[in-house]
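The structure appears below as C-alpha cells.
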Amino acid sequence: MAKDVWVSDVHDGTFDGQEIELKGWVHRTRGSNKIWFLVLRDSTGIVQCVIKRNDVGDECFENLKSALIEASVTITGKVNVDERAPGGHEMVVTGGQIIGAVNADNPFPITESAMEGAEGGETEFLLDNRHLYLRTNRMTTMLKIRSSVFGAIHSYFRDLDFIEYHAPNFVAGAVEGGSTLFEVPYFGRKAYLTQSWQLYAEAAMPALERLYTIAPSFRAEKSRTRRHLTEFWHAEMEIAWGGNADVMEHGESLVRNIASTLLDERSDELQSLGRDLDLVARYADTPYPRIRYDEAIETLQGMGVDIEWGQDLDYSKEKILTQDFDVPHFLTHYPRIAKPFYHRPDPDDPKYVLCHDLLAPEGYGEIIGGGERTWSEKEILERIDEEGTPRDAYEFYIDVRRYGGVPHGGFGLGVDRVCSWLAGADHIREVIPFPRDSRRVTP
RNA sequence: GCCGUGUUAGCUUAGCUGGUGGAGCGGCGGACUGUUAAUCCGCAGGUCGCAGGUUCAAACCCUGCACACGGCGCCA
C-alpha cells in the first residue's frame, strides 16, 4: 500500500519503458475527447500523463477526464521519453482511478487567478485558504528550502558535539522588556509564552557547556512588517568558556553553512523562485565584516542621518546602513544604556557591552542577536539594579553566577528570517506554513 | 499604538462627470487525436463589506462601523 514510486523517478529515467503505478493529485488537465492530458503532481514534482480513448476504453477515459484539479488518483502507464512532454518524460496511461474526488459544485479554490495576486505579498483569500495554498508549487518549494535550513542548523551544531537542549514554553517572566509577552491563564495564575530559550540555557550551561535548540518563540508585538511573526522559530546556542568573538564566529559559520547547504540541496528550488545562486554563493563564501556601533553611528551621521550616540539602531537606520552591504555584517559594542542587563559590559570600556547583531543585506534586517553574558555575581547584581528591575524575579539566573560562574555567551537566530532572506521571499509569511501575526491566528 | 490604501461573481478585476453591473480564470454543456496556464462556441453564477444619510435615481457622493493589506515603532 505504501508508495514507493515517485514522479521524480520518472524524470530521472529510472523507469524508462517500464509500466508503473503513480499516486498523486491532479495538477492541471487539458485535451480533447479522444486524447486527454492529466498533469499529475506529487511531493517530488509534476508529470504529464497521456490518456488516449483508444488505449484505455470509454469508461476509463471518461472517468479520468472527470478528475478535477486536486482530485487524488492512481495512474498506471508506461514511462515514455518524449520531447513534447514537459520535463522530457511522460506516462502513456493504461489505466487509473480516482481515489478522492473533487466535486464540481465545490472546485479547488486556489486558481491561477488567485495566485496572480500573490506577487509582492499575499492576499487575504490565500491566507484564509492557507491549508490548500500549501499544495501550490511556490509554497511547496519554500517548505523544502525551510526543511534544509532546519537540517543545516542541526548538522552544524551536532557536528561540533553541541547538545540539543529544551527549555519550557510556559514561563513566569520575561527575557527582555515585559510588554511583549503573551499572557496565558495557568490554573488560576498567570503564565507567559516564552520569548527565548536563553535564560534556561544559561542554567544548563555549567552542565552541558555547548548547547543549542531550535524552538518557537512568542512575542506579542503588533508589528506589521514583512519581517515579523508573533510565533517564530528561534535557533539559539550557548557556550561556556567563550566570549563575544567566539559566539560571533559560530554565528558567522552557521549562517554560511546554511547558505552552502541550500546550494547543495536546493539549488533547483532557489532557481525556480528566481533566486540568483551567485548571490547565495557569496553569502556562503565571503567573510562577514564586523563594525563597531561607534563606526556605524559615524557612517550614518556622515550620510546625513539624524542620529545621536546612545540611540539604538532601529530598522530605518539599519536599512540605510545595510543598503551598500553585499554580505551580512556584524554590528558590535552597543552602548550599555541601549541594551538589557544580561549583556556584559566591556572591561576595556564599560560604556559599551560585548554584544553583536548580524544584519542581513537586501533589506531583510537583523537575523542574529547575541553576545557575552554578564557572568559574575557582582556584575549581574549591579546591572539588574541599574535597570531598576526587582532582583527576586531573577533569583535562579543569579544563582547560575553564585555557584561557579564562568564566562559564557550565545546568540539567537531568527530561522524564518534566514529562510525568507536566502529564498528571496517577499514576506516572512511565505516561508512558514501557518503564519501567526497580530491579526491572524487562523487557519 | 500611529499613518496610508483597499473591500464589486468561487478567484483576479473593469466600471469616467450618479442613470437597471462587464471581462478573464475556475465550473457545467458542446467541438477538436499531442496539448504545454491548450484553443473555439455556449450556459450558470452578483444584497457591489455593513449601517445610516443626500438625491427623482447611489457600486459611484457624505457619515459611522467592520475587516483586510502595506508601511513605521519594537525586535529574531
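Reminder, nothing fancy here: chain letters follow the sequence lines and each chain counts from 1. What's counted below: heavy atoms across the whole structure, side chains too, no hydrogens, waters or symmetry copies.
Ring-plane geometry between F411(A) and F157(A) is classed as tilted, the angle between the planes lying from 30 to 60 degrees on a 0 to 90 degree scale. Using cut-offs of 30° and 60° on the angle between ring planes, the pair Y288(A) and F330(A) is tilted. Using a 30° and 60° split on the angle between ring planes, W421(A) and Y283(A) fall in the tilted class, from 30° to 60°.
Separating the P atom of G46(B) from that of G21(B) is a span of 14 Å, rounded to the nearest Å. Taking atom C1' on both G29(B) and G45(B), the two are 15 Å apart, rounded to the nearest angstrom. Nucleotides C56(B) and U20(B) have their C1' atoms positioned 15 Å apart, rounded to a whole Å. The same atom, P, is picked in A31(B) and in G19(B); the two are 43 Å apart, to the nearest Å. When the P atom is used for both G18(B) and A58(B), the distance is 13 Å, rounded to whole Å. Using atom C1' as the reference point in both G27(B) and G70(B), the two lie 33 Å apart (nearest Å). On the C1' atoms, G49(B) is 15 Å away from A9(B), given to the nearest whole Å. Atom P of A59(B) sits at a distance of 13 Å from the matching atom of U47(B), rounded to the whole Å.
The separation between Y364(A) atom OH and A76(B) atom C1' is 16 Å, rounded to whole Å. In this structure, D128(A) places its CG atom 9 Å from C1' of A68(B), rounding to the nearest Å. Atom CZ in F108(A) sits about 20 Å away from atom C1' in C28(B), given to the nearest Å. Taking atom CZ of residue R41(A) and atom C1' of nucleotide A37(B), one finds them 16 Å apart after rounding to whole Å. Between the CD atom of E231(A) and the C1' atom of A76(B) there is a distance of 14 Å, given to the nearest Å. Here the P atom of nucleotide C11(B) and the CG atom of L132(A) are 13 Å apart, to the nearest Å. The distance from atom CG of D105(A) to atom C1' of A9(B) is 16 Å, rounded to the nearest whole Å. Taking atom CG of residue L331(A) and atom P of nucleotide A76(B), one finds them 13 Å apart after rounding to whole Å.
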Using atom names, set out every protein N or O paired with an N or O of nucleotides 31-35 of chain B below 3.5 Å, distance rounded to 0.1 Å.
residue: C32(B); atom: OP2; partner: N33(A); partner atom: ND2; Å: 3.4
residue: C32(B); atom: N4; partner: N33(A); partner atom: N; Å: 3.3
residue: U33(B); atom: OP2; partner: K34(A); partner atom: NZ; Å: 3.4
residue: U33(B); atom: O4; partner: N54(A); partner atom: ND2; Å: 2.6
residue: G34(B); atom: O2'; partner: R84(A); partner atom: NH1; Å: 3.2
residue: G34(B); atom: O6; partner: K52(A); partner atom: NZ; Å: 3.4
residue: G34(B); atom: N1; partner: E90(A); partner atom: OE1; Å: 3.4
residue: G34(B); atom: N1; partner: E90(A); partner atom: OE2; Å: 3.0
residue: G34(B); atom: N2; partner: Q48(A); partner atom: NE2; Å: 3.1
residue: G34(B); atom: N2; partner: E90(A); partner atom: OE1; Å: 2.6
residue: U35(B); atom: O2; partner: R30(A); partner atom: NE; Å: 2.6
residue: U35(B); atom: O2; partner: Q48(A); partner atom: OE1; Å: 3.4
residue: U35(B); atom: N3; partner: Q48(A); partner atom: OE1; Å: 2.8
residue: U35(B); atom: N3; partner: Q48(A); partner atom: NE2; Å: 3.1
residue: U35(B); atom: O4; partner: Q48(A); partner atom: NE2; Å: 2.8
residue: U35(B); atom: O4; partner: R84(A); partner atom: O; Å: 2.8

Please enumerate all protein N or O atoms sitting under 3.5 Å from an N or O of nucleotides 71-74 of chain B, with distances to 0.1 Å.
residue: G71(B); atom: OP1; partner: R226(A); partner atom: NE; Å: 2.3
residue: G71(B); atom: OP1; partner: R226(A); partner atom: NH2; Å: 2.5
residue: G71(B); atom: N7; partner: R224(A); partner atom: O; Å: 3.3
residue: C72(B); atom: N4; partner: R224(A); partner atom: N; Å: 3.3
residue: G73(B); atom: OP1; partner: D314(A); partner atom: OD1; Å: 3.2
residue: G73(B); atom: OP1; partner: S316(A); partner atom: N; Å: 3.0
residue: G73(B); atom: OP1; partner: S316(A); partner atom: OG; Å: 3.3
residue: G73(B); atom: O6; partner: S223(A); partner atom: N; Å: 3.4
residue: G73(B); atom: O6; partner: S223(A); partner atom: OG; Å: 3.2
residue: G73(B); atom: O6; partner: R224(A); partner atom: N; Å: 3.2
residue: C74(B); atom: O2; partner: S223(A); partner atom: OG; Å: 2.9
residue: C74(B); atom: N3; partner: S223(A); partner atom: OG; Å: 3.3
residue: C74(B); atom: N3; partner: H228(A); partner atom: NE2; Å: 3.2
residue: C74(B); atom: N4; partner: R227(A); partner atom: NH2; Å: 3.3

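Residues F341(A) and Y394(A) place their aromatic rings such that the two centres sit under 6.0 Å apart. Note: Y133(A) and F125(A) fail the aromatic proximity criterion, with ring centroids not under 6.0 Å apart. The ring of F434(A) has its center no closer than 6.0 angstrom to the ring center of H131(A). In this structure, H250(A) has its ring center closer than 6.0 angstrom to the ring center of F162(A).
Rounded to the nearest 0.5 Å, atoms CD1 (I428(A)) and CZ (R417(A)) are 6.0 Å apart. A distance of 5.0 Å separates CZ in R429(A) from CG in L127(A), rounded to the nearest 0.5 Å.
With F108(A) as the aromatic partner, R135(A) does not meet the cation-pi criteria of under 6.0 angstrom to the ring centre and within 45 degrees of the ring axis.
Listed pair R429(A) / G70(B) meets the phosphate criterion, a side-chain N or O lying under 4.0 Å from OP1 or OP2.
Contact annotation for S438(A): no contact, since no heavy-atom pair falls under 4.0 Å across all strands. Using a 4.0 Å heavy-atom distance criterion, L413(A) is classed as making no nucleic acid contact. Using a 4.0 Å heavy-atom cutoff across all strands shown, I368(A) reaches sugar-phosphate atoms only and no base atom.
Put simply, the side chain of R417(A) and the base of C75(B) share a donor and an acceptor less than 3.5 Å apart.
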Item to check | Pairing pattern in dot-bracket form [Watson-Crick, G-U; both distances under 3.5 Å; | = partner strand] for RNA chain B | outcome: (((((((..((((.....[..)))).(((((.......))))).....(((((..]....))))))))))))....
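The number of heavy atoms from other shown groups lying within 6.0 Å of NZ (K65(A)) is above 12. Within a 6.0 Å sphere centred on NZ of K319(A), heavy atoms belonging to other residues, nucleotides or ligands number 12 at most.
We find that E249(A) and R290(A) are joined by a salt bridge, their nearest charged nitrogen and carboxylate oxygen being less than 4.0 Å apart. Ionic pairing of R336(A) and D346(A) is not present here: no N-O contact between side-chain nitrogen and carboxylate oxygen is shorter than 4.0 angstrom.
For D268(A), there are no salt bridge (charged side-chain N to carboxylate O under 4.0 Å, His left out) partners, not counting sequence neighbours.
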Next on the checklist: Run the side-chain hydrogen bond (donor to acceptor under 3.5 Å, both in side chains) test on N244(A) and H356(A) for me, step by step, so that the C-alpha distance in whole Å, both residues' side-chain angles and the decisive distance to 0.1 Å come before the verdict.
Outcome noted: CA-CA 8 Å; N244(A) 196 40; H356(A) 61 270; 2.9 Å; yes
Checklist outcome for this item: Reading nucleotides 40-45 of chain B from 5' to 3' and marking B where a protein heavy atom lies under 4.0 Å of the base, S where only the sugar-phosphate is that close, and - otherwise, the string is ------
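In this model, no donor atom of one side chain and acceptor atom of the other lie less than 3.5 Å apart for D437(A) and H228(A). Residues S196(A) and S217(A) bring no donor and acceptor atom of their side chains to less than 3.5 Å of each other.
Only at 4.0 angstrom or more do the heavy atoms of residues 283-297 of chain A sit from any atom of RNA chain B, so none qualifies.
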